[in-house]
Colleague: 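Just passing along the structure, written as structure tokens.
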Amino acid sequence: MPRYDYKSIESRWQQYWEQNDTFRTEDCVSDKKKLYVLDMFPYPSGSGLHVGHPEGYTATDIVCRYSRMKGMNVLHPMGWDAFGLPAEEHAVKTGTHPRITTEQNIATFKRQLKMLGFSYDWNRELATTDPDYYRWTQWIFLQLFDTWYDADFEWTGPDGVKRKGKGRPISELPIPAELASENGKPASEAVRRYQDKHRLAYVSEAPVNWCPALGTVLANEEIIDGKSERGGHPVVRMPLKQWMLRITAYADRLANELESLTWSEAIKLMQRNWIGRSVGAEVDFRIESGERKAENGAATSPLSEKPFPREPAADTIRIYTTRPDTLFGVTYMVLAPEHPLVDRITTPEQRAAVNEYRTKASLKSDLDRTDLAKDKTGVFTGGYAINPVNGEKVPVWIADYVLISYGTGAIMAVPAHDERDYEFAKTFGIPIRQVVAPAPGSGHVADIDNVAFVETGVAVNSGKYDGTATAEFKSQITKDLSEAGVGREAVNYRLRDWLFSRQRYWGEPFPIWHELDAEGNPTGLMRTDAVESLPVLHPHMEDFKPTGTPEPMLAKAEPTWLYKTDTDGVKLKRETNSMPQWAGSCWYYLRFCDNKNSNNFIDPAKEKYWLPVDLYIGGAEHAVLHLLYSRFWHKVLFDRGYVTTPEPFQKLVNQGMILGEPDENGKAEKMSKSRGNVINPDDIVRDYGADALRLYEMFMGPLEQVKPWQMSGVEGVYRFLGRVWRMVIDDRAEAVQLASNVTDAEPTEEQLRVLHKTIKAVTDDIDRLAFNTAISRMMEFTNFMSNQEVRPKSVLSSFVQLLSPFAPHIAEELWAALGQTKTMAYEPWPQYDPAMLVEDTVEVPVQVNGKLRSKIVVPNGIDAAELQRLAETDESVRKHLEGKTVVKVIAVPGRLLNFVVK
RNA sequence: GCCGGAGUGGCGAAAUGGCAGACGCGUCGGAUUCAAAAUCCGAUAAGGGUAAAACCUUGUGUGGGUUCGAGUCCCACCUCCGGUACCA
């Protein structure tokens, strides 16, 4: 084998690792430091691996191989996020069961990953579609179902941190006396309904996004520009009973506990923005019944002493505002079209117009709402409400620019100081009253006739509050409103509860039954499957065509799956929704620690040993949703005592996307089938080998950066591997044997210095995930050593070790050629000797007034004065100093000398 | 609109405030070869200068600033990429 024959080398070593189970990982090894390095597991699509996948996977593999050599116990698993629509759509077309398709796709992915030589412990492989896995996904759902959030509960977790707010067992939910006393039975129907309202997993009937083409509802975040994220199909809004997860209960903790994580500030910010916490006030506006006049006492004493009611009274509109300081500028109010008070407040004359508007709004998809964003629409209800701060009678409108799902679904409109209200007021001729003036010296200008003034400033036209600065006014009026019982401070989140059900076959079934009455109608009461009976398997089905209605696919299952009678004689119908694809990926990192446990979702000792994940690498497309959902589940499990860390992923890195090859204009675009610029890893491995692919993906540029693919770059690293090969191996011999000048000779001082510099550079670069520069340093080493007449084996051996995390196949082959008999996967990582790095002389740049004028070679370690003396003898320096006065000399010994002259 | 990130040779890119362009690609020249492939050696920011060197000037999106010294720090702006979008 004279030439570098990657084909035979790679397949041989892959076989070796597999046969020797080289990368099997033991749990709870006490004498080694643990390191949990995780890739975002892929969805095994039908099109196979993409060159984007191995980018992150190679990065983690380098860290893992390096860390093993550093003596750590490394967990590096891989699995499959295997539920999802494509396999089901394939089933609709061909009748092939989604499980078959999924298994085939997994087989392809696994073959492709193995071909790249990643050091996964395949014993820990899992797929979210394995009944053994989703058994525990269902179990976690039952924990969510069994948990309510006690926002005021103060406690100290196993991490020793004091927190306020905890997810607690539903059995610990305090039951209001009037419910509990009913029949004296703790499990009375009223109590059960009360509990159901407080669970973290609950059923809600709300307008949802129904996508007829996909045959499922979608979460808001799965819709882009009013179309489904997957496939770009239209989406309509309709009310449906759906499972929701109360992620909003954890909003504050999800935002605050980001702080302790080693994630990029950009990603943390994205999550914070997604959560979108805002602080303001809720204020009650009493509805003006119509006959009553504004003078009716209200104007003189608008604020009365009473506590602010938990729920707004029947005759009040509760609004949320972040600018309570603008209450005196309210000239109208708006209810969301879906707001429950609309019927009540609408006058007979306006009823027809209001109903028409509500109907139109309810049919509007998100796309329509977005498209019409510029033109405000709305209808006057004919009703009025009383402004609590000044007793004014304010007209109440409905308009779809107010969302039922945010805040209280109602706003006070202050057109002078809010852009949306301003536009609306201009459209409908509603008065605009300025109540904030620019603060003196702020440089702001208020031009209320032409544009809303949204900055802070000082109050005007606000009665006794005139002259108060915005911030102070806010807290003062919030306090005053609160004392008067008409308002309170309130916090709102952009984050909504998580719509957790889908109508598809190929997702986890819910472990839930609905009670039926004698007529077979659901009573609204639910029962859970017993934990021991899990998993709830999918029913047998041959026809995967969507029902065409929002009725879930599973409703077509045979009656034996769908119905049963419980031991107490109550008839039950199974929940027929299924869980979204996010469910399985929410906790897979836990199962990798203990994937075969049939008694528990994870063994507590293994959880304690492995968690948290020390390094998590994946695409930025999951920056918000997957990571937020996952953190939410983890926190619930933490509160319920099943995990001991508050966060799952300590360090997160997002790899940058790999774009297609640039076109003739130098423009690079996203790889996609439609553009025809997809690079298939199979082709690269066939033509250049896995080591070359791995090396190229790391050499392209910084891991986190977006970078274009360039085939000539693959050639480059392939040539490098050839040079490494010939540096060690005699490529003209018949068999693999060392080149004749590779000997047992003692290394020269220079050779040692180059080696130790390389060790230091590569080590430091791996530590900061700067793989591209690490490879550069190895190239420099190779360029140097290839030209050495005598190449000591000891130096080459150390170098091969440095190379091994990056290009493990060729490294193992060379390691063996250098006389070693077993895998180098656990050989100690080379150490550098700082003393070896020091050279006798150094070249120091000399500047005059900051401009480079000369470079002088001086003995290493000389002091500043000596350096200056030597520099002054340099001819070209002298030339530039001539006739000038030296004002100052900056000397950085060993680095630089700068004469400042006049 | 708002929030992030990035702009450096022909291209991918390097550079704890201290020699801009390491390393790789490409290109040009040379060696090897009957020839080619493969391989090896050398040159390669731009402009000026020289027989050749030396040397000089200008250069990290644009304009300012801080500093002995700025690709790097600060301010303003331009362009591209990503996220988000009636969230009161």
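Everything quoted here is computed from the prediction, not taken from an experiment.
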Colleague: Is a donor on one side and an acceptor on the other found under 3.5 Å between the side chain of S786(A) and the backbone of N783(A)?
Modeller: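 Judged by distance alone, no pair lies under 3.5 Å.
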Colleague: May I ask you to decide if the ring planes of F781(A) and F799(A) are parallel, tilted or perpendicular, using 30° and 60° as cut-offs?
Modeller: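 Aromatic pair F781(A)/F799(A) classed parallel.
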Colleague: Polar-atom pairs under 3.5 Å, protein N or O versus N or O of nucleotides 64-74 of chain B: list them with distances, or write none.
Modeller:
residue: C68(B); atom: O2; partner: N898(A); partner atom: ND2; Å: 2.6

Colleague: Please tell me if the side chains of V283(A) and P388(A) come closer than 4.5 Å, counting only heavy atoms from C-beta onward.
Modeller: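 Yes. Closest side-chain heavy atoms under 4.5 Å.
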Colleague: Expressed in angstrom and rounded to an integer, what is the separation of L659(A) atom CG from C81(B) atom P?
Modeller: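 To the nearest whole Å, that distance equals 11 Å.
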Colleague: Just to verify, what does D284(A) make a salt bridge (Lys or Arg N to Asp or Glu O under 4.0 Å) with, not counting sequence neighbours?
Modeller: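 D284(A) satisfies salt bridge (Lys or Arg N to Asp or Glu O under 4.0 Å) with R318(A) only.
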Colleague: Determine the contact category for E265(A): base if any of its heavy atoms lies under 4.0 Å from a base atom, sugar-phosphate if only primed atoms, P, OP1 or OP2 are that close, otherwise nothing.
Modeller: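 Nothing: the residue E265(A), judged by heavy atoms under 4.0 Å, touches no strand.
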Colleague: Give me the distances for all protein-to-nucleotides 29-40 of chain B N/O pairs that come in under 3.5 Å?
Modeller:
residue: U39(B); atom: O3'; partner: R726(A); partner atom: NH2; Å: 3.1
residue: C40(B); atom: OP1; partner: R726(A); partner atom: NH2; Å: 3.4

Colleague: Give me the ring orientation class for Y4(A) and W725(A): parallel if the planes are under 30° apart, tilted from 30 to 60°, perpendicular past 60°.
Modeller: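 Ring orientation, 0 to 90° scale: tilted.
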Colleague: With respect to the side chain of T773(A), which nucleotide from A88(B), A14(B), U84(B) is positioned closest?
Modeller: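 Nucleotide nearest to T773(A)'s side chain: A14(B).
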Colleague: Please list, chain by chain and in numerical order, all residues satisfying ring pair (Phe, Tyr, Trp, His ring centres under 6.0 Å) with F899(A), sequence neighbours excluded.
Modeller: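 In terms of ring pair (Phe, Tyr, Trp, His ring centres under 6.0 Å), with neighbours along the sequence ignored, F899(A) is linked to no residue.
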Colleague: Only counting residues at least two apart or in another chain, list the ones meeting side-chain hydrogen bond (donor to acceptor under 3.5 Å, both in side chains) with T763(A).
Modeller: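 T763(A) satisfies side-chain hydrogen bond (donor to acceptor under 3.5 Å, both in side chains) with W829(A) once adjacent residues are dropped.
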Colleague: With 3.5 Å as the limit, what N/O pairs link the protein to nucleotides 5-11 of chain B?
Modeller:
residue: C11(B); atom: O2'; partner: Q710(A); partner atom: NE2; Å: 2.9

Colleague: Side chains of residues 261-268 of chain A: which donor-acceptor partners sit under 3.5 Å, not counting sequence neighbours?
Modeller:
residue: T262(A); atom: OG1; partner: Q650(A); partner atom: NE2; Å: 3.4
residue: W263(A); atom: NE1; partner: F649(A); partner atom: O; Å: 3.0
residue: S264(A); atom: OG; partner: I267(A); partner atom: N; Å: 3.2
residue: K268(A); atom: NZ; partner: L258(A); partner atom: O; Å: 3.3
residue: K268(A); atom: NZ; partner: E259(A); partner atom: O; Å: 3.4
residue: K268(A); atom: NZ; partner: L261(A); partner atom: O; Å: 2.8

Colleague: Quick one: are the ring centres of F424(A) and Y401(A) less than 6.0 Å apart?
Modeller: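 Here the rings of Y401(A) and F424(A) have centres that are less than 6.0 Å from each other.
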Colleague: Using whole Å, what does the distance between atom P of nucleotide A15(B) and atom CG of D765(A) come to?
Modeller: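 Answer to the nearest Å: 8 Å.
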Colleague: Rounded to whole Å, please give me the gap between OH in Y406(A) and P in A85(B).
Modeller: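 My rounded result for the distance is 14 Å.
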Colleague: For a quick check, tell me whether the side chain of T322(A) and the base of A88(B) share a donor-acceptor pair closer than 3.5 Å.
Modeller: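 Side chain to base: no pair below 3.5 Å.
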Colleague: For Y250(A), what residues pass the side-chain hydrogen bond (donor to acceptor under 3.5 Å, both in side chains) criterion, not counting sequence neighbours?
Modeller: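 By the side-chain hydrogen bond (donor to acceptor under 3.5 Å, both in side chains) rule, Y250(A) matches D639(A).
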Colleague: For A85(B) and N273(A) - does any side-chain N or O of the residue sit under 4.0 Å from the phosphate oxygens OP1/OP2?
Modeller: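 For N273(A), the contact criterion (side-chain N or O under 4.0 Å from OP1 or OP2 of A85(B)) is not met.
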Colleague: Distance check needed: G12(B) C1' versus E55(A) CD, whole Å only.
Modeller: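 From E55(A) CD to G12(B) C1': 13 Å.
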Colleague: For D421(A), which residues count as a salt bridge (Lys or Arg N to Asp or Glu O under 4.0 Å) partner, sequence neighbours excluded?
Modeller: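 None.
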Colleague: Verify the distance criterion only: is there a donor paired with an acceptor across the side chains of D252(A) and Y493(A) at less than 3.5 Å?
Modeller: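 The criterion, which ignores hydrogens and geometry beyond distance, is satisfied for Y493(A) and D252(A).
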Colleague: Taking only residues two or more places apart in sequence, or in another chain, which ones meet R791(A) in a salt bridge (Lys or Arg N to Asp or Glu O under 4.0 Å)?
Modeller: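 R791(A) satisfies salt bridge (Lys or Arg N to Asp or Glu O under 4.0 Å) with no residue once adjacent residues are dropped.
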Colleague: Considering the options V717(A), V762(A), T58(A), which one meets the side chain to side chain contact (heavy atoms under 4.5 Å, CB included) requirement together with F806(A)?
Modeller: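 Result for side chain to side chain contact (heavy atoms under 4.5 Å, CB included) with F806(A): V762(A).
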Colleague: Looking at every strand, decide which applies to N772(A) at a 4.0 Å heavy-atom threshold: base, sugar-phosphate, or nothing.
Modeller: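 If one applies the 4.0 Å heavy-atom cut-off, N772(A) turns out to touch the sugar-phosphate alone, with no base involved.
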Colleague: Do you see a donor-acceptor pair shorter than 3.5 Å between the side chains of S278(A) and Y320(A)?
Modeller: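 Distance-only check passes for S278(A) and Y320(A).
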Colleague: A14(B) P sits how many Å from E780(A) CD, rounded?
Modeller: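 Rounded to the whole Å, the gap is 14 Å.
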Colleague: Whole Å only: how far is the CD atom of E715(A) from the P atom of G24(B)?
Modeller: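 Checked: the CD to P distance equals 15 Å.
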Colleague: Map N492(A) and G713(A) onto RNA chain B by nearest heavy atom, then report which one ends up closer to the 5' terminus.
Modeller: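 The answer here is G713(A).
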Colleague: Does anything in residues 274-282 of chain A come within less than 4.0 Å of RNA chain B? Heavy atoms only, and list the residues if so.
Modeller: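 Going residue by residue through residues 274-282 of chain A, the ones with a heavy atom under 4.0 Å of RNA chain B turn out to be W274(A), S278(A).
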Colleague: Is the phosphate of C56(B) approached by H880(A) (side-chain N or O, under 4.0 Å from OP1 or OP2)?
Modeller: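 Yes, within the criterion.
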Colleague: Cut-off 3.5 Å, side chains only: do E715(A) and Y688(A) have a donor facing an acceptor?
Modeller: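 The criterion, which ignores hydrogens and geometry beyond distance, is satisfied for Y688(A) and E715(A).
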Colleague: Separation of L335(A) atom CG from C86(B) atom P, in whole Å?
Modeller: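 Going from CG in L335(A) over to P in C86(B) covers 19 Å.
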Colleague: Please list every stem that involves RNA chain B, where a stem is a run of 3 or more consecutive Watson-Crick or G-U wobble pairs with both pairing distances under 3.5 Å.
Modeller: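 Runs of three or more consecutive pairs: B:1-7 with B:78-84, B:10-12 with B:23-25, B:26-31 with B:39-44, B:45-48 with B:55-58, B:61-65 with B:73-77.
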Colleague: RNA chain B: S876(A) or P708(A), which has the more 5' nearest nucleotide?
Modeller: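 Going by which nucleotide is closer to the 5' end, it is P708(A).
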Colleague: Is the glycosidic angle of G9(B) within 90° of 0, making it syn, or outside that range, making it anti?
Modeller: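 Syn, which is what one calls it when the glycosidic angle falls within 90° of 0.
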Colleague: Mind calculating the distance between CE (M700(A)) and P (G12(B)) to the nearest angstrom?
Modeller: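 Distance check: M700(A) CE to G12(B) P gives 11 Å.
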Colleague: Pick out which of T326(A), N387(A), V394(A) makes a side chain to side chain contact (heavy atoms under 4.5 Å, CB included) with M412(A).
Modeller: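 The residue from T326(A), N387(A), V394(A) that satisfies side chain to side chain contact (heavy atoms under 4.5 Å, CB included) with M412(A) turns out to be T326(A).
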Colleague: Which nucleotide wins on minimum distance to the side chain of R895(A), given the candidates A22(B), G12(B), G18(B)?
Modeller: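 Nucleotide nearest to R895(A)'s side chain: G18(B).
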Colleague: Taking the side chain of E843(A) as its heavy atoms from C-beta onward, which of A15(B), C19(B), C25(B) lies nearest to it?
Modeller: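 From the listed options, C19(B) comes nearest.
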Colleague: Can a side-chain donor-acceptor contact be found between R433(A) and T331(A) if the only test is distance below 3.5 angstrom?
Modeller: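 There is no such pair between these side chains.
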Colleague: From C86(B), C23(B), C19(B), pick the nucleotide closest to the side chain of L852(A)?
Modeller: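 Output: C19(B).
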Colleague: Which part of the nucleic acid does R853(A) contact within heavy-atom distance under 4.0 Å: base, sugar-phosphate only, or nothing?
Modeller: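 R853(A): backbone/sugar contact only, no base atoms under 4.0 Å.
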